[in-house]
Enquirer: 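What follows is a single structure, and I will ask about it in a moment.
Note that ligands are numbered from 1 as they come in the structure, with each ligand's atoms numbered from 1 the same way.
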Amino acid sequence: MVKSKGWEWEKVKGESEKMWKEPAEETYYLVQRWEKQEKKELLDIGCGLGRNTIFFAKQGFNVHTFDISEDAVKRTKEFAKEENVTIDIKQADMLNIPYGANTMDCVYSRNVISHTDTEGVKKIISEIYRVLKNEGECYLTLGSKDTWGYKQKSWPKVDDNTKIRQDEGPEYGVPHFYADYELIIDLFKDFKIIDIKHIQDFYKVNDKISTSYHYHILVKK
Ligand SMILES: C[S@@+](CC[C@H](N)C(=O)[O-])C[C@H]1O[C@@H](n2cnc3c(N)ncnc32)[C@H](O)[C@@H]1O
């Protein structure tokens with residue numbers, strides 16, 4: 001299995017840092033959905049700067065989170081203090097989720113579990129299954145094979161689905177796993193699939209429009 005490597009969050013400053021403090025849009029929907037189902041214990045895998053972790057905590061969930069990056073953990077702790085919310089936070093690797101079996105009502109993870117190879121993704125999905133209670137739900141995203149990164153010939157290939165990112169920035173040297181629909185169906189065969197979306201995002205980098213595709217996946221144990 002490829003070695004895990006966290007983001008270099010010290011490279012994320014200014015306008016970009018502001019963006020990473022705003023909750024992702026699906027979190028608003030998930031709060032409604034999971035409140036209605038009376039879910040309480042929520043695990044956010046890979047908190048980054050804490051935007052989703054803090055949002056879920058503010059809505060009344062008991063939020064547990066971790067990240068492999070020491071800087072991410074430190075900055076999320078500071079953010080929680082500023083916002084006056086209590087969260088359970090650790091530094092850990094998602095390949096071994098630091099929680100017991102059947103402890104979580106819901107698991108959320110945005111743009112994190114792709115940061116390993118095929119063997120790693122399989123291990124993480126089995127870890128998510130282990131920590132979820134029966135009827136527990138998981139919402140996560142996976143990078144898509146339609147994204148430009150998968151087509152980079154100069155990025156070292158780890159396996160048929162995985163490349164190591166080479167452009168300068170916080171993700172330099174971080175493994176990226178890319179999925180397609182068939183692979184997702186196979187990866188989540190132990191779960192009940194509720195919804196799969198393939199979403200294209202547009203953003204500006206140095207005045208140039210760039211685009212990326214991700215799968216958004218909602219499953220139930
Ligand atoms: C794209 S950021 C997303 C952060 C956050 N989920 C969000 O939406 O703002 C990816 C995060 O995954 C973390 N990460 C990468 N590999 C990891 C691993 N093996 N275990 C835990 N966290 C990891 C990175 O350090 C980084 O904070």
Enquirer: Below the 3.5 angstrom mark, is there an N/O of Trp7, backbone or side chain, next to an N/O of ligand 1?
Expert: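 Yes; at least one N/O pair falls below 3.5 Å.
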
Enquirer: Would you say Arg110's side chain and Glu26's backbone share a donor-acceptor pair under 3.5 angstrom?
Expert: no

Enquirer: Could you label the plane-to-plane angle of the Phe66 and Tyr99 rings as parallel, tilted or perpendicular, counting under 30° as parallel and over 60° as perpendicular?
Expert: tilted

Enquirer: In terms of side-chain geometry, is the basic nitrogen of Asp159 or Lys157 positioned less than 4.0 Å from the acidic oxygen of its partner?
Expert: no

Enquirer: For Ser4, counting its heavy atoms only, list the atoms of ligand 1 lying under 4.0 Å from any of them.
Expert: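 Reading through ligand 1 atom by atom, the close ones are 19 (N).
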
Enquirer: Can you tell me if Gly120 contacts ligand 1 (heavy atom of the residue under 4.0 Å from the ligand)?
Expert: no

Enquirer: Flag Val112 as yes when one of its N or O atoms lies below 3.5 Å from any N or O atom of ligand 1, and as no otherwise.
Expert: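 Val112 vs ligand 1: no N/O contact under 3.5 Å.
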
Enquirer: So which protein heavy atom does atom 19 (N) of ligand 1 come closest to, and at what separation?
Expert: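 Answer, as residue, atom name and distance: Asp93 OD1, 2.9 Å.
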
Enquirer: Tell me the protein heavy atom at minimum distance from atom 17 (C) of ligand 1, and give that distance in Å.
Expert: Ile68 CG2, 3.4 Å

Enquirer: Between Ala24 and ligand 1, find which residue part has any heavy-atom pair under 4.0 Å and reply side chain, backbone, both or neither.
Expert: neither

Enquirer: Show me which atoms of ligand 1 lie under 4.0 Å from any heavy atom of Gly6.
Expert: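 In order of number, 25 (O).
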
Enquirer: Quick check on contacts: which atoms of ligand 1 are under 4.0 angstrom from a heavy atom of Gly48?
Expert: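 Numbered from 1, ligand 1 contributes 4 (C), 27 (O).
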
Enquirer: Would you check the N or O atoms of Asp44, main chain and side chain alike, for any that come under 3.5 Å of an N or O of ligand 1?
Expert: no

Enquirer: Please answer whether the main-chain N or O of Gln200 pairs with a side-chain N or O of Thr211 as donor and acceptor at a distance below 3.5 Å.
Expert: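 Side chain of Thr211 to backbone of Gln200: no pair is present.
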
Enquirer: For the residue pair Asn161 and Thr118, confirm or rule out a side-chain donor-acceptor distance under 3.5 Å.
Expert: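 On atom types as modelled, these side chains qualify, holding a pair under 3.5 Å.
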
Enquirer: For atom 3 (C) of ligand 1, what's the nearest protein heavy atom and its distance?
Expert: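 Checked against all protein heavy atoms, atom 3 (C) of ligand 1 sits closest to Arg110 O, 3.6 Å.
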
Enquirer: State the atoms of ligand 1, each with its element, that fall below the 4.0 Å cut-off from a heavy-atom position in Ser69.
Expert: 25 (O)

Enquirer: If we only count N/O pairs under 3.5 Å, is Asn111 in contact with ligand 1?
Expert: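 The answer is no, given that Asn111 and ligand 1 share no N or O pair closer than 3.5 Å.
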
Enquirer: So for ligand 1, is Asp67 a polar contact partner (N or O within less than 3.5 Å, distance only)?
Expert: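 Asp67 vs ligand 1: N/O contact under 3.5 Å present.
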
Enquirer: Inspect the contact between Lys13 and Glu10 and indicate whether a charged nitrogen and a carboxylate oxygen are less than 4.0 angstrom apart.
Expert: no

Enquirer: Suppose I only count heavy atoms of Arg51 and a 4.0 Å limit; which atoms of ligand 1 are within that range?
Expert: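 So the atoms of ligand 1 that pass are 7 (C), 8 (O), 9 (O).
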
Enquirer: OH/Tyr178 to OH/Tyr213 distance, rounded to the nearest 0.5 angstrom?
Expert: 14.0 Å

Enquirer: How long is the straight-line distance from CD1 of Ile128 back to OG of Ser109, given to the nearest 0.5 Å?
Expert: 6.5 Å

Enquirer: Ligand 1 versus Val174, non-hydrogen atoms closer than 4.0 Å: side chain, backbone, both, neither?
Expert: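 Neither part.
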
Enquirer: Can you list the ligand 1 atoms lying under 4.0 Å from a non-hydrogen atom of Met94?
Expert: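 Under 4.0 Å from Met94, ligand 1 has these atoms: 16 (N), 17 (C), 18 (C), 19 (N), 20 (N), 21 (C).
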
Enquirer: So, Tyr181 versus Tyr215, ring centres under 6.0 angstrom or not?
Expert: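 Not close enough - the centres of the two rings lie 6.0 Å or further apart.
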
Enquirer: Examine Gly46 against ligand 1 and note whether any of their N/O atoms are separated by less than 3.5 Å.
Expert: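 Gly46 vs ligand 1: N/O contact under 3.5 Å present.
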
Enquirer: Applying a 4.0 Å heavy-atom criterion (strictly less than), which segment of Ala92 is in contact with ligand 1: side chain, backbone, both, or neither?
Expert: backbone

Enquirer: In ligand 1, which numbered atoms sit nearer than 4.0 Å to a non-hydrogen atom of Cys47?
Expert: 5 (C)

Enquirer: Got a donor-acceptor contact below 3.5 angstrom from the Lys133 side chain to the Ala101 backbone?
Expert: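 Looks like no, no N/O pair under 3.5 Å.
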
Enquirer: Do Lys220 and Phe191 meet the cation-pi criteria used here (NZ or CZ under 6.0 Å from the six-membered ring centre, within 45° of the axis)?
Expert: no

Enquirer: If you link I, L, V, M, F, W and Y whenever their side-chain heavy atoms are under 4.5 Å apart, who else ends up in the same group as Val158?
Expert: Val2, Ile164

